[in-house]
Amino acid sequence: MSSEQCHVPTWRYLFGHSPFSRSSRAKLQGRLAAAADAAGHKTPAASVLASDIACLVSMYAPRDPTAANIEDELSNPFRTLHLLDPEPPADRAADRSHLVALRRMAGRRCPAPVQAYASLDFAARTASPSAGSISLARLASDPLGPGRLLLTGTADLRRALNQVANRHADLAVVQSGDGEESLVYSCPPALLAEDVLAGAYPSLRSATSRAAEGGSPSSLS
């Protein structure tokens, strides 16, 4: 087991598994090591974990706007997602104990079709590949679910799914007699997910069609 590759990278743990919204870099490093150990993988070296955390913060945490430059912004486009709180002022940049803080409601900025796509994709992989349903509670809170990965709450996720369902007859948000809300899909969720995304971004459908045509036997003869 110790020679197995570790499948608990910093990004996956912080956005998909961590129960904490705020953590010092030192504590996050310890939790990453513990997560790797619990998964039965070889624990990454402390220097590797520290480097991963620094890289993640650099990619996602907005910098002091007075010190930013256009090259820095273009090379780190994920900062515009506002998933992490800004880094501390420059005079504290050397402080390795400062907080890594997730913005749990950042997902309300995410387009509704993207939230619906992520929800249907998650349902296809964890519930059933055929027509069926999945509870909004799972979508909002399950590890590696859309609520966790997109940093969106139940209310915002419900709003996005209802918005998309109004335009897709195969999709609906329903409430059971006991008050539990579920996303119901009357066709395979993976296919519906692609249809939702292609409907919102038509260029994706064109690109997919061109790729399929390019890979067909007739096009290679």
Side-chain angles (χ1 to χ4, degrees), residues 1-63 71-88 92-111 114-127 129 134 138-153 156-157 189-190 193-194 197:
M1 295 289 284
S2 62
S3 61
E4 227 177 291
Q5 181 181 0
C6 177
H7 294 284
V8 194
T10 303
W11 286 255
R12 181 184 178 94
Y13 175 79
L14 182 64
F15 293 116
H17 288 280
S18 176
F20 304 100
S21 294
R22 305 171 72 84
S23 178
S24 69
R25 292 196 187 192
K27 288 183 178 178
L28 177 58
Q29 184 173 318
R31 291 178 182 129
L32 283 165
D37 183 63
H41 301 297
K42 181 179 179 181
T43 304
S47 59
V48 171
L49 293 175
S51 178
D52 269 8
I53 294 170
C55 181
L56 183 146
V57 170
S58 177
M59 287 175 63
Y60 287 94
R63 298 292 181 90
E71 291 81 7
D72 188 49
E73 293 300 316
L74 290 175
S75 63
N76 295 282
F78 294 125
R79 292 177 185 169
T80 61
L81 297 175
H82 302 282
L83 299 184
L84 297 184
D85 278 336
E87 284 201 277
R92 287 168 48 203
D95 180 8
R96 305 298 291 180
S97 67
H98 68 72
L99 292 175
V100 177
L102 292 172
R103 289 181 170 178
R104 286 294 183 191
M105 293 296 105
R108 63 184 51 174
R109 298 168 175 265
C110 184
V114 174
Q115 294 190 53
Y117 173 88
S119 297
L120 289 164
D121 177 72
F122 183 73
R125 290 183 289 106
T126 64
I134 186 170
R138 283 195 60 192
L139 292 174
S141 61
D142 270 16
L144 299 178
R148 299 286 292 273
L149 293 177
L150 298 177
L151 296 181
T152 184
D156 290 311
L157 188 60
E194 295 291 344
L197 203 61

(request) Quick one: do Arg31 and Ser18 satisfy side-chain hydrogen bond (donor to acceptor under 3.5 Å, both in side chains)? Show the steps, please. (result) CA-CA 9 Å; Arg31 291 178 182 129; Ser18 176; 5.8 Å; no

(message) If the test is side chain to side chain contact (heavy atoms under 4.5 Å, CB included), which one of Phe122, Phe15, Trp11 qualifies with Leu149?
(response) Phe15

(message) Return the CZ to CG distance between Arg12 and Leu144, rounded to the nearest 0.5 Å.
(response) 4.5 Å

(request) Grab the two heavy atoms, one from Cys110 and one from Gln115, that are nearest each other, plus how far apart they are. (result) O-NE2, 3.0 Å

(request) Quick one: pull up CD1 in Ile53 and OG in Ser58 and give me the separation to the nearest 0.5 Å. (result) 13.5 Å

(message) Checking the side chain of Ser51 only, and the main-chain atoms of Ser47 only, is there a donor and an acceptor separated by less than 3.5 Å?
(response) no

(request) Output all residues satisfying ring pair (Phe, Tyr, Trp, His ring centres under 6.0 Å) with Phe78, sequence neighbours left out; order by chain, then residue number. (result) Tyr60

(message) Test of understanding: with salt bridge (charged side-chain N to carboxylate O under 4.0 Å, His left out), list the residues that count as partners of Arg138, not counting sequence neighbours.
(response) Asp142

(message) Is it the case that the side chain of Arg79 and the backbone of Leu84 share a donor-acceptor pair, with hydrogens and angles ignored and the cut-off at 3.5 Å?
(response) no

(request) For residues Pro189 and Pro129, report the shortest heavy-atom separation together with the two atoms involved. (result) CD-O, 3.3 Å

(message) According to salt bridge (charged side-chain N to carboxylate O under 4.0 Å, His left out), who are the partners of Arg104, at least two apart in sequence or on a separate chain?
(response) none

(request) Might you confirm whether atom CZ of Arg125 has over 12 heavy atoms from other residues, nucleotides or ligands at distances under 6.0 Å? (result) yes

(request) Please identify each residue that fulfils salt bridge (charged side-chain N to carboxylate O under 4.0 Å, His left out) with Arg108, with sequence neighbours left out. (result) Asp156

(request) May I ask you to test the Leu28-Tyr13 pair for a side-chain heavy-atom distance under 4.5 Å? (result) yes

(message) Holding to side-chain contact (heavy atoms from CB on, under 4.5 Å), I want the full list of residues that pass it with Asp37, two or more places apart in sequence or in another chain.
(response) Thr43

(request) Kindly write out the residues that satisfy side-chain contact (heavy atoms from CB on, under 4.5 Å) with Pro111, not counting sequence neighbours, or none if the list is empty. (result) Pro113, Val114, Tyr201

(message) For the CZ atom of Arg109 and the OG1 atom of Thr80, what is their distance to the nearest 0.5 Å?
(response) 9.0 Å

(message) I need the minimum non-hydrogen distance between Arg103 and Pro86, along with the two atoms involved.
(response) NH2-CD, 3.4 Å

(request) Could you tell me the separation between the CG atom of Leu151 and the NE2 atom of His82, rounded to the nearest 0.5 Å? (result) 13.0 Å

(request) Could you please spell out the steps behind the side-chain contact (heavy atoms from CB on, under 4.5 Å) verdict for Leu120 and Glu194? (result) CA-CA 9 Å; Leu120 289 164; Glu194 295 291 344; over 6 Å; no

(request) State, to 0.1 Å, how close Leu32 and Pro9 come at their nearest heavy-atom pair, and which atoms those are. (result) CD2-O, 4.3 Å

(request) Measure across Leu99 and Ser24 and return the closest heavy-atom pair with its distance rounded to 0.1 Å. (result) CD2-N, 3.8 Å

(request) Give, for atom CG of Leu81 and atom CE of Met59, the distance between the pair rounded to the nearest 0.5 Å. (result) 9.5 Å

(request) Indicate the atoms forming the closest heavy-atom contact of Leu157 with Thr152, along with that distance. (result) N-OG1, 3.8 Å

(message) Can a donor-acceptor pair be found, under 3.5 Å and without considering hydrogens, that links the side chain of Arg148 to the backbone of His17?
(response) yes

